[in-house]
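Worksheet: one structure, shown below.
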Amino acid sequence: MSETDPFSAPPPRPGGLAARAAAQPAAGYLAGLNPEQRQAVEATDGPVLVLAGAGTGKTRVLTTRIGHLISTSRAYPSQILAVTFTNKAAREMKERVAHLVGPVAEGMPWLGTFHSISAKLLRRHAELLDLRSDFTILDTDDQIRLMKQVIQAENIDEKRWPGRMLAGFIDSWKNRGLAPKDVPAGEAAVFAHGKGGKLYAAYQERLKALNAVDFGDLLLHCLTLFRDYPDVLQTYHDRFRYILVDEYQDTNTAQYLWLRLLAQGRRNICCVGDDDQSIYGWRGAEVDNILRFEHDFPGATVIRLERNYRSTGHILATASKLIARNEGRLGKTLRTEDALGEKVTITGAWDSQEEARLISDEIEAMQAKGQDLGQVAVLVRISAQMREIEERFVQAGVPYRVIGGPRFYERAEIRDALAYLRCVVSATDDLAFERIVNVPKRGLGDATVQLLHNHARATGFSLMQSARAAVESDELKPKARTALRELVDAFGRWSTRAEHMPQGELAELVLEESGYTEMWKKDRSADAAGRLENLKELVRSLDEFPDLPSFLEHVSLVMDVADGEAEARASIMTLHAAKGLEFDTVFLPGWEEGLFPNQRALDESGRAGLEEERRLAHVGLTRARKKLKLYFASNRRIHGLWQTSLPSRFIDELPEEHVEVEQAASSYSQGGYGASRFDRMESFGSSYNTPGWQRAQENRAKNSGGGSGFSESGRGFGQGGFGNSSRQRGPLMIEGELTAKSSGESAYGTGARVFHVKFGPGSVASVDGNKLTVDFDKAGRKMVLDSFVQKAG
DNA sequence: ATGCGGAGCTTTTTT
DNA sequence: AGCTCCGCAT
């Protein structure tokens, strides 16, 4: 940045008159923009919709706009609300703004995802929503477990009405901004013979009792907050002078309402999006939000960014032609000043294995020419396509990486480890406690957990507190009692040490002493080593945070671990995961009817589904800068069965003058374009005696046996601090409040006759808080918890 | 309490 | 075909 850089000026004064003195003659940061981009940056006031086609410099506009607002003193960084969908997008935007305006950008506390900003708002105003500000944020797993409990409590057949199905319904209601009371009766009735609404309400009750929210709640509770407390909303109207929204086409109804409430104040809202890249309809995104923008914000300025800076001519023309088939769109015409470049190629393969081989051959050739494989991507419609491609890459020695896949923080071992840490931090985190109470196995099964639950319900204690109480009584069998006591004592110990110990070290201690790492070391399965490696990685990343609670907040929202080095490896990912990325060379396998467009999308959403699939195709095509290669296979194994397939209709929709049909090297079919260009494919279809089929069979036989060479061996786990065996068993000290005095004195006096489910009738010999010593008629003297006895009567 | 085997599913994915 | 979940048997 030069010394004339406007951003290096001292923090601007909002509303300063000088600032309003418009258009400093082309401030440096405006210079590189084309006229539309510049307009999008400078149209600061009032509602603005920027329709930014693929590769038209959307992010640049957004970041420059933020810079512009700051440098012209229209707003302090802290007065700008900038919302994205993913943490990655937020991170990138933060970096780019920082690059533009310098350290001032660190004061952009309101740049983040819908969810993280919502969480921040909720923590501030938790008490208004009947939450404590240290509420936990549940992930999908927790959610479903909770749903199951709710379903069980209602005595509904879990088989017919599974938890994940209810989770789906509730999620979609939340996506639409509907609280239990708002769900239309007809819709609430579709689940479990009319119980849907009731279950939703019950689930929300459970969440409240746990001081927890799920992802949908983050948004939903904000809506409640804004609507029920206008004064609170007003403070945010005052604060947020400007609102910016990225990927507006992906907003769902709840997010739309959230934005609308916040934008009501000053109406300075700028949404950037591309209706042609809306590919998340299936999870509640409403393309309508973008199509309706002008209606919702009368007088809105609409700016189209149509100059593409990414792809060469043939590629862009191909993508444009395809997307033009869609009816529900605002319409943009992308143009480029780039050369035509190479034509887009379409290659038919006999089967998916040949397809994979063609791709790997091509990449090997590129590798041989010294091209950067980091600039190569294979984009598939469904994850299941990845396997064959990976197998082939392994075989051919093509270095690759899979993007997406199971996320680090979603892996079982990581979630277990986190559950331990959550229990250390909070003795009231029941979900976490339940998750690890018997992991590793310590003989604390359903019976024990059930008992703790009963006690917890009766007393209002958490499970951990109940456990503390239970080990002081004779409720449990000696074995279970000892095991539980060890666990409870251990947590007491860890919580104490947590105060003085770096969290990484603490985590190691906890994982070691709990026997958790031991469990995986004993595990003989192939992925055990990887899991230990992951745990090690977790401990490492822990140290990057100031303390344990802030780490836990981070993981519940930012389920995302920075995707390290951009090595020279080809990327394999789904089309969805590819949105927002670009590569010099893009391979698009699997362009077949049924797979892409996906049959299920068609069945479920009809024409809208087809259009979304087409947008997905468009996203795929526009990821490529220079080289774009499409493939389809005539035979593909789906759910283990070989099925013949026809080329995708999308292939027929591509402009002939920009594409080129390649013959697979091994192809035995002749003939080029016919009336339908892929008539030639018929020569494959019917016969199972073709060489290709036989080859396919052979390959299949060959491949089915051998182990894949994936797992790199020698991932030792010994050297680290985790190592060795002997669990030190320090003095078992237990913190105070073992017997919670909060519950007051027991309702039973000495001499009272009581009945216990397990021990039968007896007389109370003495009372100590909520613990009773009872002389049972049959079982003799036992210490029991008062919540487990009834007045004998 | 645990471990095995059968049954049922299986697009896309963020937070 | 392959994975996960559930129920049953040990």
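The figures that follow rest on heavy atoms only: side chains count, while hydrogens, waters and symmetry mates do not. Reminder, nothing fancy here: chain letters follow the sequence lines and each chain counts from 1.
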Within residues 600-611 of chain A, the residues having a heavy atom closer than 4.0 Å to DNA chain B are Arg600(A), Glu604(A)
Heavy-atom nearest nucleotide on DNA chain B taken for Thr448(A) and for His639(A); more 5' hit belongs to Thr448(A)
Expressed as a whole number of angstroms, how long is the span from [X]:[atom1] to [N]:[atom2]?
X: Ile382(A); N: dC9(B); atom1: CD1; atom2: P; result: 18 Å
X: Phe85(A); N: dT15(B); atom1: CZ; atom2: P; result: 11 Å
X: Phe596(A); N: dT11(B); atom1: CZ; atom2: C1'; result: 11 Å
X: Phe215(A); N: dT13(B); atom1: CZ; atom2: C1'; result: 12 Å
X: Asp446(A); N: dT2(B); atom1: CG; atom2: P; result: 10 Å
X: Ile279(A); N: dT11(B); atom1: CD1; atom2: P; result: 17 Å

- May I ask you to decide if the ring planes of Trp173(A) and Phe169(A) are parallel, tilted or perpendicular, using 30° and 60° as cut-offs? tilted
**Item:** Base of dT13(B) and ring of His576(A) stacked, centres under 5.5 Å, planes under 30°
**Value:** no
Practice problem: Indicate whether the side chain of Ser648(A) and that of Glu592(A) have a donor and an acceptor atom separated by less than 3.5 Å. | Solution: no
Does [X] make a side-chain N or O approach to OP1 or OP2 of [N] shorter than 4.0 Å?
X: Asn438(A); N: dT2(B); value: yes
X: Thr140(A); N: dT15(B); value: no
X: Thr574(A); N: dT13(B); value: yes

Residues passing the ring pair (Phe, Tyr, Trp, His ring centres under 6.0 Å) test with His453(A), sequence neighbours excluded, are none
Protein-nucleic acid N or O pairs under 3.5 Å, nucleotides 2-8 of chain C:
none

